[in-house]
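Take a look at the structure below.
All chains are named by letter (A, B, ...) in the order of the sequence lines, taking the proteins before the strands, and each is independently numbered beginning at 1. Quantities reported herein were computed from a predicted structural model and do not represent experimental measurements.
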Number of protein chains: 2
Amino acid sequence: MLKEERQHSIINEVELHNRVLLTDLAEKLNVSIDTVRRDVKELDEENLLVKVHGGAVSLGFANHSPQSNNVYALDKKIAIAKKALALLRNNSVILIDGGTTCLELAKLLPTNLKLTCFTLSLPVAMELLRKPNVETIFIGGTLSKDSQIAMGPSAIHALSEIKVDYSFIGTGYVDTEFGLTEFDWDVVQTKKAVINASKKAVLLCISEKLNSQHRFKTCSLNVINTMVTELEPWDTKLDAFKNLNIQIL
Amino acid sequence: MLKEERQHSIINEVELHNRVLLTDLAEKLNVSIDTVRRDVKELDEENLLVKVHGGAVSLGFANHSPQSNNVYALDKKIAIAKKALALLRNNSVILIDGGTTCLELAKLLPTNLKLTCFTLSLPVAMELLRKPNVETIFIGGTLSKDSQIAMGPSAIHALSEIKVDYSFIGTGYVDTEFGLTEFDWDVVQTKKAVINASKKAVLLCISEKLNSQHRFKTCSLNVINTMVTELEPWDTKLDAFKNLNIQIL
DNA sequence: AATATATTTGCAGTAGTTTGCAAGTTTTGA
DNA sequence: TCAAAACTTGCAAACTACTGCAAATATATT
């Protein structure tokens, strides 16, 4: 096997799984660990990956800095996603909804966490495929052009046949009185089906959305088991939600 | 054997397999390794391949940066996709399979063409969402990490409930005797379901794949209605396929 | 056709790379 | 803090590359 081939495989492996161990590479490529070490060192010097102790990580993974994709309040959404991670256990069966906050959750799933993960969202699915220990199942349906989410009867029907441990959902608007509301009727129908398909529903929601409403209602707040915001639990903005028997993270 | 001839063989070999060893070339071409070395050096200087220690790699392969997703024989695949477009009419209901050739078809769909389009492939779905007049329906299922395609029982079941006008499919290997074959068993099961879900099946296939086989059979060539390659219809490589009642584009 | 000129090819010796191993040092995580 | 794992360095064996040269082949000229 040529050196170039080997290095190409290493790049592929790193890009696919975000990280890789030198020992695994050596075994897979049938060369000594020294050779792999030298290869990774060269690739690091060419800025094709980042070498770390014991292995290598992809460039995208190494850059913890918020990249080119400018998401509104990305730092808050990342904070929310990190908190939500605490709910996950090995071998959980979960569902991740669409939206930028849920996408951050998908991105931040640890590579060593074993999960079965359903989703309706194309971008979330793309991220989940990068996680070596996550089995990803896409709920099929008609795709919405702007939200990139599967919707419609077939998606709702597919959801009726599953029951996941946790679903992580976003919402357009949330309010103590009206609950979760949306601008779009189809989105509401799909989110209802998602909530029905889950033992526990976890709402991921930045504080800007608290106390806002729109025209179509997804559900009342009492069907939500856990709400995750970027705020500290004792923040006064959350007071109104604490009386509703919701776990607040 | 003329020098030109030999160098042409070397280029072919490198492009087809992405890499080649000087020792193998010397043996195959019945010349000394020095001669091959000089040939490869010249070809490298002409930027027709990249010489590396012990062999040579193709241009696309050499630049193993993950960002520039270099597709093998992209120009041929684009040519195939353009030909396949001729089959489409407004309001057709079609299915586009995964694979790089099918992805090119999705990219090249005219923005004014009205279609209902099913797919199992995440990258194809991403492209279809960019087309304003295409209604995209994703066939859900367990997503494969390397092919980024929905597979498994639920995908096969979802396929059993539809019948599209045309399905555009790729294949790993194709041969007049053995038909369409694949490396992967699950892929074969899914492709079978795709073909059953379509009134007409269109095979998109670069000429390099003609007359090659692998271990699992998708279907015989007689269930394929149309075959699209980058070759001219009168190319002799297609002669063997013309006796099989297949439309050739 | 015969000769001169240029190119190509294979060989041999030398120079340079790559690889795996071993000994010693550093980092990591409990 | 300690033990395990990972890293560094130097080295020898195997492999690959380059150089110059002579024989073989091709091309051009008379």
Side-chain angles (χ1 to χ4, degrees), chain A residues 1-59 61-62 64 82 85-86 88-90 108-114 132-133, chain B residues 1-15 17-59 61-65:
Chain A
M1 182 182 243
L2 291 171
K3 194 174 88 169
E4 313 301 316
E5 269 183 275
R6 220 176 38 227
Q7 297 193 351
H8 201 263
S9 296
I10 293 173
I11 292 284
N12 268 350
E13 196 69 9
V14 169
E15 284 299 316
L16 187 61
H17 299 314
N18 275 331
R19 53 122 213 174
V20 71
L21 301 179
L22 297 189
T23 48
D24 289 351
L25 282 175
E27 190 181 345
K28 189 165 181 176
L29 300 169
N30 279 313
V31 288
S32 77
I33 192 154
D34 301 70
T35 302
V36 168
R37 205 188 303 285
R38 273 182 280 240
D39 282 339
V40 167
K41 190 177 174 185
E42 282 182 29
L43 293 169
D44 178 75
E45 282 161 4
E46 292 173 52
N47 284 313
L48 293 169
L49 48 68
V50 178
K51 186 176 174 345
V52 297
H53 193 95
V57 296
S58 70
L59 292 174
F61 202 72
H64 299 286
K82 281 183 180 165
L85 286 177
L88 297 175
R89 301 284 175 273
N90 258 326
L108 290 173
L109 288 177
T111 45
N112 58 358
L113 185 64
K114 262 185 99 169
N133 292 306
Chain B
M1 181 181 251
L2 293 171
K3 195 174 101 172
E4 297 300 318
E5 226 182 318
R6 216 176 41 226
Q7 296 195 350
H8 202 260
S9 295
I10 293 173
I11 292 285
N12 268 351
E13 196 70 8
V14 169
E15 283 302 315
H17 294 117
N18 276 332
R19 56 147 210 134
V20 71
L21 302 179
L22 296 189
T23 48
D24 288 352
L25 282 176
E27 189 182 346
K28 191 165 181 178
L29 301 169
N30 280 313
V31 288
S32 77
I33 193 154
D34 300 70
T35 303
V36 168
R37 204 189 303 286
R38 272 183 281 242
D39 282 339
V40 167
K41 191 176 176 183
E42 283 181 29
L43 293 169
D44 177 75
E45 282 161 4
E46 293 172 51
N47 284 313
L48 294 169
L49 48 69
V50 178
K51 184 175 173 351
V52 298
H53 194 94
V57 297
S58 70
L59 292 173
F61 196 87
N63 170 23
H64 38 212
S65 69

| Rounded to whole angstrom units, what separation is found between the CG atom of B:Asp34 and the C1' atom of D:dC21? | 13 Å
| query | What are the two closest heavy atoms between A:Leu2 and B:His53, and how far apart are they? | reply | CD2-O, 3.5 Å
| message | Looking at B:Lys28 and B:Glu13, is there a salt bridge between them, counting it only when a charged N and a carboxylate O are closer than 4.0 Å? | response | yes
| query | How many Å lie between NZ on B:Lys41 and P on C:dT9, as a whole number? | reply | 15 Å
| message | Tell me whether A:Asp39 is salt-bridged to A:Lys3, with the criterion being a basic N under 4.0 Å from an acidic carboxylate O. | response | no
| query | Starting at the 5' end of DNA chain C and moving along, which residue's nearest nucleotide shows up first, A:Ser32 or B:Val36? | reply | B:Val36
| said: Nearest whole Å is fine: how far is C:dT18 P from A:Lys3 NZ? | reply: 4 Å
| query | Any chance NZ of A:Lys82 has more than 12 other-residue heavy atoms, nucleotides or ligands included, within less than 6.0 Å? | reply | no
| field | Value in whole Å for how far the C1' atom of C:dT9 lies from CG of B:Asn30 | value | 14 Å
| Length of the line joining B:Glu45:CD and D:dA17:P, which is rounded to integer Å | 14 Å
| query | How close or far is atom P of D:dT25 from atom CD of B:Glu4, stated in whole angstroms? | reply | 19 Å
| request: State whether the side chain of A:Asn90 and the backbone N or O of A:Leu113 hold a donor-acceptor pair below 3.5 Å, judged by distance alone. | output: no
| query | Could you state the CG-P distance from A:Leu25 to C:dG20, rounded to the nearest angstrom? | reply | 14 Å
| request: Go through the structure and list residues passing side-chain hydrogen bond (donor to acceptor under 3.5 Å, both in side chains) with A:Glu27, not counting sequence neighbours. | output: none
| Integer-rounded Å distance: C:dT7 P and B:Arg38 CZ | 14 Å
Using nucleotides 4-7 of chain D, report all nitrogen or oxygen pairs with the protein that are shorter than 3.5 Å.
unit_1: D:dA6; atom_1: O4'; unit_2: A:His53; atom_2: NE2; d: 3.4
unit_1: D:dA6; atom_1: O3'; unit_2: A:His53; atom_2: NE2; d: 3.4
unit_1: D:dA6; atom_1: O3'; unit_2: A:Gly54; atom_2: N; d: 3.2
unit_1: D:dC7; atom_1: OP1; unit_2: A:Lys51; atom_2: NZ; d: 3.4
unit_1: D:dC7; atom_1: OP1; unit_2: A:Val52; atom_2: O; d: 3.4
unit_1: D:dC7; atom_1: OP1; unit_2: A:Gly54; atom_2: N; d: 2.5
unit_1: D:dC7; atom_1: OP2; unit_2: A:Arg37; atom_2: NH1; d: 2.2
unit_1: D:dC7; atom_1: O5'; unit_2: A:Arg37; atom_2: NH1; d: 3.2

| At under 4.0 Å, does any side-chain N or O of B:Arg6 touch on OP1 or OP2 of C:dT9? | yes
